[in-house]
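Just so we're on the same page: letters track the sequence lines, and every chain starts at 1. All values below come from the heavy atoms of this structure, side chains included, with hydrogens, waters and symmetry mates left out. Since the model is a prediction, treat every value here as computed from it, not as a measurement.
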2 protein chains.
Amino acid sequence: MTEPVEISNAELVILNVLWQQAPLLSADIVLQVQQQEDWHEKTIKTLLNRLVKKGALSFEKDGRAYRYSPILAQQDYQQRAGSKLINNLFAGSVAGLVAGFAQQGQLSDQDVAQLKAIIAEWEQQEDSSC
Amino acid sequence: MTEPVEISNAELVILNVLWQQAPLLSADIVLQVQQQEDWHEKTIKTLLNRLVKKGALSFEKDGRAYRYSPILAQQDYQQRAGSKLINNLFAGSVAGLVAGFAQQGQLSDQDVAQLKAIIAEWEQQEDSSC
DNA sequence: GATTTAAGATTACACCTGTAATCAAAAAGA
DNA sequence: TCTTTTTGATTACAGGTGTAATCTTAAATC
């Protein structure tokens, strides 16, 4: 079992960039992040450093520059963070969260279509597992 | 628009107790919390204080003791925290989170039943809204 | 080769958080 | 009334976080 690496909000922005494309030079990461957040280059470098120390990123040298890749897998972190929220705030009920979104009119057509597909597959699996 | 009150993990434990039943004397809150967490009474008092300062709790004096109630509504906070997670980690797709749970075999019968009901209601609303 | 640049490493600093201990005041008991 | 208890208020303190500035070193330029 891996220790649960805690990722801060700012660090998550960096990770999201690298989960989308990796490896990336720090300079490219800076560019990507700055399209989204108004952060100083030094700030982004600090976050890269912290993520490496936390074991969430790895890097290899390319001359003067570093090329970063995620170690922490997106799915793993999604799963951990999702479960934590559901457990702490929705008494463990995923449907509870979805219900909240629905009430707020925040469910898209696409969401509903995907949910139907998920349910269909789940039911099929249920059947075949008996 | 209310300012987005940031609630820490430890503070959330306190809020969960008060969302379930309020108002409550601090002594009772301590008892409730200690059934779940091994925290010193002083720690719990500190958290109550911080929540009051953050505007998440109110209190009224009852002689020597205080009687606390939530100001921050559970639904509001659920909505904010849920949206934040979905946006930051699942590209805004609620279904994405549910899909992750499904893949992990973490969807219960009850979840699926509830999801179906949510979808049914959503579709009915869709129809009647044209 | 000497100097300027530019990359990462180190340091900074205030505020938040977890986790209490101590202080002050009022109530309860002797 | 004096003392003990109990309650909230204040203080503590290390580690995390947001947000960089400064330092160091190696590469690039003159």
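Taking the side-chain hydrogen bond (donor to acceptor under 3.5 Å, both in side chains) definition, one finds that B/E41 meets it with B/K45, sequence neighbours left out. Applying the side chain to side chain contact (heavy atoms under 4.5 Å, CB included) rule to A/E121 yields no partners; only residues at least two apart in sequence or on another chain are considered. Judged as a side chain to side chain contact (heavy atoms under 4.5 Å, CB included), and not counting sequence neighbours, the contacts of A/Y66 are A/F59, A/K61, A/Y68. Taking the side-chain hydrogen bond (donor to acceptor under 3.5 Å, both in side chains) definition, one finds that B/Q78 meets it with nothing, sequence neighbours left out. When the side chain to side chain contact (heavy atoms under 4.5 Å, CB included) test is applied to B/Q34, the partners found at least two apart in sequence or on another chain are B/V30, B/I44. By the side chain to side chain contact (heavy atoms under 4.5 Å, CB included) test, A/D62 is found to be paired with A/L25, A/R67, residues two or more places apart in sequence or in another chain being considered. Residues passing the side-chain hydrogen bond (donor to acceptor under 3.5 Å, both in side chains) test with B/S93: none are found, sequence neighbours excluded.
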5' to 3', nucleotides 21-30 of chain C under a 4.0 Å protein heavy-atom cut-off (B base, S sugar-phosphate only, - none) gives BB-----S--

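Summarising the geometry, the separation between CG on B/N9 and P on C/dC16 is reported as 16 Å, rounded to the nearest angstrom. Distance A/L48 CG to C/dA7 P: 13 Å, rounded to the nearest Å. Remark: P of C/dA9 and CD1 of A/I44 are 16 Å apart, rounded to the nearest angstrom. Between B/N49 atom CG and C/dC16 atom C1' there is a gap of 15 Å when expressed in whole angstrom units. Regarding A/D62, its CG atom lies at a distance of 10 Å from the P atom of C/dG8, rounded to whole Å.
Remark on DNA chain D: of its neighbouring residues B/K53 and B/E41, the 5'-side contact belongs to B/E41, judged by nearest-heavy-atom nucleotide.
Remark: B/S26 in residues 15-37 of chain B come within less than 4.0 Å of DNA chain D through at least one heavy atom.
A heavy-atom distance below 4.5 Å is found between the side chains of A/Q36 and A/V13. When side chains are defined from C-beta on, A/V94 counts as touching B/L97, because their heavy atoms get closer than 4.5 Å.
For the salt bridge (Lys or Arg N to Asp or Glu O under 4.0 Å) condition, the pairs that include at least one residue of residues 6-33 of chain B, sequence neighbours left out, are B/E11-B/K54. Within the structure, every pair that satisfies the salt bridge (Lys or Arg N to Asp or Glu O under 4.0 Å) test and touches residues 102-120 of chain A, not counting sequence neighbours, is listed here: A/K116-B/E123.
Close approach of DNA chain D to chain B, defined as any atom under 4.0 Å from a non-hydrogen atom of the protein, starts and stops at D/dT7 to D/dA12.
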